[in-house]
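What follows is a short report on a single structure.
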Amino acid sequence: MMNCINHGSYLEIIPPEEFNFDECLAFLGRANHEILHQLKEGTLYKLLKVNDSLILFTIRNVNKRIKVEFPEGAPSSIEREKVGEYIWEWFDLGQDLDEFYQLASKDLVLKDVVQKYHGLRIIGIPDLFEALVWAVIGQQINLTFAYTLKKRFVEQFGKSITFEGEQYWVFPSFNTIANLTVEDLKKFQFSTRKAEYVIGIAQEMASGKLSKKLLIEKNDYDEVKKSLMSIRGIGAWTADYAIMNCLHVNTAFPIADVGLHNALKNVLGLENKPTIEEIEAYAVGWKGWQAYATYYLWRSLYD
DNA sequence: ATCCAGGAACTGT
DNA sequence: ACAGTTCATGGA
């Protein structure tokens with residue numbers, strides 16, 4: 001299913017028709033505090049851990065294709081393949097958005113945003129630990145501070161390489177975090193709760209009780225959500241956030257999300273943020289595509 | 001100062 | 001099952 005040509009020194013990914021690389025970059029570029037990727041003049045830089053090696057790659061748009069290069073020299077063929085798979089999943093390129101666009105073009109709430117950001121895809125978080133930790137960090141604090149906490153977390157416990165004077169980071173492994181104490185994280189302004197949640201999730205994954213593979217095997221949205229919510233620190237919002245960003249399930253719907261509420265308020269020109277009941281009413285026509293509806297509405301917050 | 005932030009657990013009914 | 005309270009900290 002992945003449409004990727006391995007040229008040896010570089011990769012060429014052929015995205016599906018409904019894809020706009022610039023829209024995706026616009027979304028990625030919204031977070032100027034982001035530490036896990038960098039955007040320079042239309043080129044995206046990212047460091048990826050493949051087995052035990054750290055691979056730096058760049059991606060940019062060349063003739064409607066995604067060109068992937070390796071500034072430090074091309075890794076092995078298998079590693080290049082892994083990088084291609086990562087990008088394919090990261091940009092959710094396996095998704096056929098036709099049905100969503102059909103549905104959204106007739107929806108009063110979504111009509112304008114899907115037209116405006118056409119070709120945008122859910123730029124996910126393929127790593128389950130990263131997806132869950134990022135969601136927990138973001139719980140009930142402003143995004144600016146959330147990025148600050150994430151930066152400290154990554155710079156303290158992640159790995160990095162330096163290339164042409166810039167440092168590139170990969171997210172910490174759950175094995176590293178599983179061995180920390182709450183105090184280790186409180187030093188970086190994590191609250192006691194957040195520290196407990198993050199370490200608990202790491203331990204759950206280190207023990208093998210929680211993994212992306214196990215969740216995928218459930219192959220059922222409700223089961224996956226229930227399973228995630230049984231973990232301390234993961235409520236409905238965090239579960240849906242991870243399900244939409246990591247497992248690419250389009251029925252995931254973080255309906256309590258404040259960003260979604262603000263987006264709806266703006267898009268609809270409301271006086272106040274809508275209630276959950278009102279959002280449920282707006283969303284009756286989004287069935288099967290709640291995650292994409294949410295994502296496009298999030299995108300509208302960054303204009 | 002004051003309100004709130006891409007919530008969740010806990011407590012009491 | 002449901003509603004109210006507490007947690008924690010920085011941004012605007």
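Chain identifiers are assigned alphabetically (A, B, ...) following the order of the sequence lines, protein sequences preceding nucleic acid strands; residue numbering begins at 1 within each chain. As the structure is a computational prediction, the values presented were derived from the model and not from experiment.
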Item to complete: With a 4.0 Å heavy-atom cut-off, tell me which residues in residues 228-243 of chain A come close to DNA chain B, sorted by residue number.
Response: A:Ile231, A:Arg232, A:Gly233, A:Ile234, A:Gly235, A:Ala236, A:Trp237, A:Thr238, A:Tyr241
Discussion item. Using a strict heavy-atom distance below 4.0 Å, which residues from residues 176-194 of chain A are in contact with DNA chain C?
Written reply: A:Gln189, A:Ser191, A:Thr192, A:Arg193
Worksheet item: What does A:Phe253 touch in the nucleic acid at a heavy-atom separation under 4.0 angstrom: a base, only the sugar-phosphate, or nothing?
Response: nothing
Discussion item. Below 4.0 Å from chain A heavy atoms, what is the first contacting nucleotide of DNA chain B and what is the last?
Written reply: B:dA5 to B:dC10
Worksheet item: Does any residue of residues 262-272 of chain A have a heavy atom under 4.0 Å from DNA chain C, and if so, which ones, in number order?
Response: none
Worksheet item: What does A:Gln140 touch in the nucleic acid at a heavy-atom separation under 4.0 angstrom: a base, only the sugar-phosphate, or nothing?
Response: base
Fill in: Nearest non-hydrogen partners of A:Ile137 and A:Ile141, listed with the distance
O-CD1, 3.0 Å
Fill in: Gap between atoms CD and C1', on A:Glu277 and C:dA3 respectively (whole Å)
13 Å
Practice prompt. Check DNA chain B against residues 109-137 of chain A and give the residues with a non-hydrogen atom under 4.0 Å, in numerical order.
Written response: none
Worksheet item: So what does A:Arg152 hit on the nucleic acid, given a heavy-atom distance under 4.0 Å: a base, only sugar-phosphate, or nothing?
Response: nothing
Worksheet entry | side chain to side chain donor-acceptor pair (under 3.5 Å) involving A:Thr181 - partner list, sequence neighbours excluded | A:Asp184
Worksheet entry | Heavy-atom pair of closest approach, residues A:His261 and A:Lys273 | CB-CD, 3.8 Å
